[in-house]
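Data block below; observations after.
In what follows, chains are A, B, ... by sequence order, proteins preceding strands, each numbered from 1. Both backbone and side-chain heavy atoms feed into the values below; hydrogens, waters and symmetry mates do not.
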Protein chains: 2
Amino acid sequence: MVKHVLNQLLEPDLDLVFHALADPGRRSMVERLSEGPASVSELGLPLAMSLAAVVQHVQVLEASGLVLSHKVGRTRTCRINPAVLRSAEHWITQRRARWERTLDRLGEYLAENEGEGQ
Amino acid sequence: MVKHVLNQLLEPDLDLVFHALADPGRRSMVERLSEGPASVSELGLPLAMSLAAVVQHVQVLEASGLVLSHKVGRTRTCRINPAVLRSAEHWITQRRARWERTLDRLGEYLAENEGEGQ
DNA sequence: TAGTTAGTAAAGCAATTGCTTGACTAACAA
DNA sequence: TTGTTAGTCAAGCAATTGCTTTACTAACTA
């Protein structure tokens, strides 16, 4: 379990990361955290759900590695982990770049062999 | 229903996009498609599941706007929609950039007020 | 000390996922 | 024409999600 979490710091699990980002409430939390650290209740403030539900969303974000937290007194303060955000970004960038190279090659091919339509 | 799909071409639904990317099978399909168009069965080739299941995954990808397809004869050919990939990328980039500006401001603040630890 | 606040844990529940199988259609091949 | 291939549709089913409520603990406040 601990090892699991450590592994994610080294190499994020994209299943967990994208799943975490697939929920509008969790994205709003990431959005809020991108402006600076916040407590669990602060994150839930705009969300019209019980605190227990907010806690569960935060747990999903932490399990993905997108969010880190530490508890002082009775309040848990969360902050963003940019490395994991970056790894999701990177995966997408790579696929898109690959596709755009493919498109370029197709363009060259079509330029060389004029005449064929769609 | 048609309108739904059209809206996604104008402004992608990130819930659907990130959810589509949260599955390893579907990511493998996007990966494959980044190297060029492919049929539904080709996409399913490395996936150890029934063709019906593959079709369902392709439907999830299409509903998200990440993948476009057209049918010729009995084969449906799929290709990537880079615009939607880019919009997911963009959302992440923005949050990360925002957080990094926040970090920078914190760095300046700490540089100006030396002496305080964590 | 008594009361409030911040968060957790657990159980329960309806809705959604990610498959399966089986029946079917249309297109291509021999 | 007969068979095979590519894909689709519909049920059905176990596992997972995204909440809820209740009960609880620990920490701060008056």
Next on the checklist: Rounded to whole Å, how long is the line connecting atom NE2 of A/His70 with atom P of C/dA6?
Outcome noted: 16 Å
Checklist entry - Residues in side-chain contact (heavy atoms from CB on, under 4.5 Å) with A/Ala53, at least two apart? => result A/Met49, A/Ser50
Checklist entry - Who passes salt bridge (Lys or Arg N to Asp or Glu O under 4.0 Å) against A/Arg32, sequence neighbours left out? => result A/Glu42
Item to check | Under 4.0 Å protein heavy-atom contacts per nucleotide of nucleotides 8-26 of chain C, with B for base, S for backbone only and - for none | outcome: BB--------SBBB-----
Checklist entry - Which residues satisfy the side-chain contact (heavy atoms from CB on, under 4.5 Å) test with A/Ala97, sequence neighbours excluded? => result A/Arg101
Next on the checklist: Please enumerate all residues that pass side-chain contact (heavy atoms from CB on, under 4.5 Å) together with A/Gln56, with sequence neighbours excluded.
Outcome noted: A/Gln59
All N/O donor-acceptor pairs, side-chain side in residues 20-30 of chain A, below 3.5 Å, sequence neighbours left out:
unit_1: A/Asp23; atom_1: OD1; unit_2: A/Gly25; atom_2: N; d: 2.8
unit_1: A/Asp23; atom_1: OD1; unit_2: A/Arg26; atom_2: N; d: 3.0
unit_1: A/Arg26; atom_1: NE; unit_2: A/Ala20; atom_2: O; d: 2.9
unit_1: A/Arg26; atom_1: NH1; unit_2: A/His57; atom_2: ND1; d: 3.1
unit_1: A/Arg26; atom_1: NH2; unit_2: A/His19; atom_2: O; d: 3.1
unit_1: A/Arg27; atom_1: NH1; unit_2: A/Leu21; atom_2: O; d: 2.8
unit_1: A/Arg27; atom_1: NH1; unit_2: B/Asp15; atom_2: OD1; d: 3.1
unit_1: A/Arg27; atom_1: NH2; unit_2: B/Asp15; atom_2: OD1; d: 2.6
unit_1: A/Ser28; atom_1: OG; unit_2: A/Gly25; atom_2: O; d: 3.3

